[in-house]
Trainee: 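So that we are looking at the same thing, I have put the structure below in structure tokens.
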Amino acid sequence: MLDIKKEDKENILNTYKRFDLVIKEGKGATFFDESGKKYIDFSSGIGTNSFGACDDEWTSAIEKQIHLVQHTSNLFYTEPQVRLAILLCEKTGMKKVFFANSGAEANECAIKAARKYSYDKYGSDRYEIITLVNSFHGRTIATLSATGQDVFHNYFYPFVDGFKYAIANDIDNLSNLINNKTCAIMIETIQGEGGVNALNEEYIKYIDKICKEKDLVFIVDEVQTGNGRTGYLYSYMEYGVSPDIVTTAKGLAGGLPFGAILFSNKLENTLSYGDHGTTFGGNPVCASAAYSILTRLNDDLFNHVKECRKIIEERLKNEKNVISISGKGLMVGIELKEGIKAIDVANQSIKNGVIPLTAKTKIRLLPPLNITFDELNLGLDLLIKSINEVAK
């Protein structure tokens, strides 16, 4: 019998500190290991499995497309891409879409588009992009450079020039960073990898306003917050703002590698023939998977996400070892009492049969959007038990 953990260590680059769990199969919000032990999934593949594992409609869409054509290059037209692009534009009011394979690629495209827009209109000296302290935008050299966390700015020198980092929710600090070299401001409305920290409404609206006044490109990174995760199709929609570029990935294709960059009419013609490209982006199988997800992201589901949030807050608010709950919808950060390590709670939780994540010092929950109330409450029972066990 294959020793998966041993062979993993010997044959796969050790860039991940894996939890002590081999997942064999799953359905919905439930996973099973090799022994048949059941786990409630509060991670959904770091927010990718929007409708959980092996969702029937999603699986059917993939199977149907596989029997037609699994891939062709972007030198040809394919129906799944076009159908998905129409739906994205209709649901967001954006004008054009570019398809990629991941959140990092989506953000890389956004950076290129913002700089080209400014170059075309103002020349080569207007190239700086302001992101936020504690942000995370990906692991390519450019998106690492855009990431406002010092811990990621090591080893891979030189990083890409032209990024500044503003303090989240500090309007004066942001305003002081804007100058005649600034071309764009790029934000996550909730900083996921940075600790599940939400920006406030005043700050988000100020960015929208200043970008319009100074003709800066307003980029919203919806890689983790998008596709229903916060109880809205995209999280920026809660605030009535209108970004110039929206990037998304993770939950868009329900677990397959897929990303999208949405452009407003301001930037719809910025990138032209040869300015950007991809071999696999817009793959017909992944596009079909994304279409099956996007068609079901509706008000009923968003209301379910918001109801789940209420349950989570109600269950945790009086727990003696929980200090606070951050994020929105089913993007949850749990601040623990001093001395309780999130990684210890995560490991204990897995032993007890529930799978959470961590984000810095917090426990992070990203359950499937359609998790049932029974599954949610069972998972919370196990999580609370685990927190209290670690706290002893």
Side-chain angles (χ1 to χ4, degrees), residues 16-33 37-55 190 192-193 195-197 223-231 250-251 254-255 301 304-317 319 321-336 340-391:
Y16 303 105
K17 192 171 183 180
R18 302 194 197 276
F19 289 104
D20 188 26
L21 171 63
V22 178
I23 295 172
K24 183 178 181 180
E25 60 183 309
K27 186 68 177 177
T30 303
F31 280 144
F32 298 91
D33 66 14
K37 181 179 176 180
K38 176 181 174 180
Y39 300 82
I40 299 296
D41 179 26
F42 276 2
S43 68
S44 63
I46 316 184
T48 62
N49 299 342
S50 297
F51 288 89
C54 301
D55 169 71
I190 302 171
E193 305 302 319
V196 199
N197 302 311
V223 171
Q224 192 167 143
T225 55
N227 307 301
R229 176 58 54 186
T230 68
K250 287 196 181 289
L301 182 68
H304 177 74
V305 168
K306 292 169 186 174
E307 286 301 313
C308 287
R309 178 69 185 207
K310 290 178 184 177
I311 291 171
I312 292 169
E313 293 190 352
E314 187 64 31
R315 292 290 310 275
L316 294 177
K317 69 180 183 181
E319 286 296 321
N321 293 309
V322 173
I323 302 300
S324 67
I325 304 165
S326 62
K328 294 195 174 190
L330 285 175
M331 186 173 177
V332 183
I334 302 170
E335 182 186 7
L336 301 169
I340 305 174
K341 293 182 179 179
I343 190 62
D344 292 342
V345 172
N347 283 316
Q348 186 64 27
S349 296
I350 290 170
K351 289 179 183 178
N352 287 334
V354 62
I355 303 173
L357 298 165
T358 63
K360 292 190 177 293
T361 60
K362 294 179 181 178
I363 288 292
R364 176 172 41 157
L365 309 182
L366 297 168
L369 304 181
N370 63 339
I371 189 170
T372 67
F373 295 146
D374 286 344
E375 290 169 326
L376 181 63
N377 277 304
L378 175 57
L380 289 171
D381 287 342
L382 297 170
L383 178 65
I384 292 166
K385 175 186 176 185
S386 303
I387 293 171
N388 291 334
E389 287 173 347
V390 171

Trainee: If we ignore hydrogens and angles and just use 3.5 Å, is the side chain of S50 paired with the main-chain N or O of G251 as donor and acceptor?
Mentor: yes
Trainee: How far apart are the closest heavy atoms of P356 and I363, and which atoms are they?
Mentor: CB-CG2, 4.1 Å
Trainee: Roughly how far, to the nearest 0.5 Å, is CZ of R364 from OG of S43?
Mentor: 9.5 Å
Trainee: With no hydrogens and no angle check, is any side-chain donor or acceptor of S326 less than 3.5 Å from a backbone partner on V196?
Mentor: yes
Trainee: Looking at every non-hydrogen atom in both residues, tell me the closest pair between A359 and G192 and how far apart they are.
Mentor: CB-O, 3.6 Å
Trainee: Out of L376, I355, L382, V332, which residue meets the side-chain contact (heavy atoms from CB on, under 4.5 Å) rule with F42?
Mentor: L376
Trainee: Do side-chain atoms of H304 reach the backbone of T372 as a donor and acceptor pair under 3.5 angstrom?
Mentor: no
Trainee: Before giving the answer on side chain to side chain donor-acceptor pair (under 3.5 Å), spell out for N347 and D20 the whole-Å C-alpha distance, their side-chain angles and the decisive distance to 0.1 Å.
Mentor: CA-CA 8 Å; N347 283 316; D20 188 26; over 6 Å; no
Trainee: In this structure, are over 12 heavy atoms from other groups packed under 6.0 Å from K24 atom NZ?
Mentor: no
Trainee: With E313, which of K310, K317, R309 fulfils side-chain hydrogen bond (donor to acceptor under 3.5 Å, both in side chains)?
Mentor: R309
Trainee: Distance from F51 atom CZ to L301 atom CG, nearest 0.5 Å?
Mentor: 5.0 Å
Trainee: If you round to the nearest 0.5 Å, how far is CD1 of I387 from OG of S349?
Mentor: 6.5 Å
Trainee: What distance do L383 atom CG and L365 atom CG have between them, rounded to the nearest 0.5 Å?
Mentor: 6.0 Å
Trainee: Measure the CG-NZ distance between L357 and K362 for me, rounded to the nearest 0.5 Å.
Mentor: 14.5 Å
Trainee: Distance-only, no hydrogens or angles: does the E319 side chain make a donor-acceptor pair with backbone N or O of L316 under 3.5 Å?
Mentor: no
Trainee: So which atom in V354 and which in Y39 form the shortest heavy-atom distance, rounded to 0.1 Å?
Mentor: N-CD2, 4.3 Å
Trainee: When you look at NZ of K37, are more than 12 heavy atoms from neighbouring residues, nucleotides or ligands closer to it than 6.0 Å?
Mentor: yes
Trainee: Quick one, L366 and M331 - any side-chain contact, counting heavy atoms below 4.5 Å?
Mentor: yes
Trainee: Please determine which of L336, V390, T358 meets the side-chain contact (heavy atoms from CB on, under 4.5 Å) test together with D344.
Mentor: V390
Trainee: Please find the pair of heavy atoms, one from N377 and one from I311, that lie closest to each other, and give the distance.
Mentor: OD1-CG2, 3.6 Å
Trainee: Between L330 and C308, which heavy-atom pair has the shortest distance, and what is it?
Mentor: CD2-CB, 3.7 Å
Trainee: Could you tell me which non-hydrogen atom of E375 sits nearest to which non-hydrogen atom of A29, and how far apart they are?
Mentor: OE1-CB, 3.6 Å
Trainee: So, taking the atom named CD1 in I40 and the one named CG in N352, what distance separates them when rounded to the nearest 0.5 Å?
Mentor: 12.5 Å
Trainee: With side chains defined as the heavy atoms from C-beta onward, is the minimum distance between K27 and F32 less than 4.5 Å?
Mentor: no
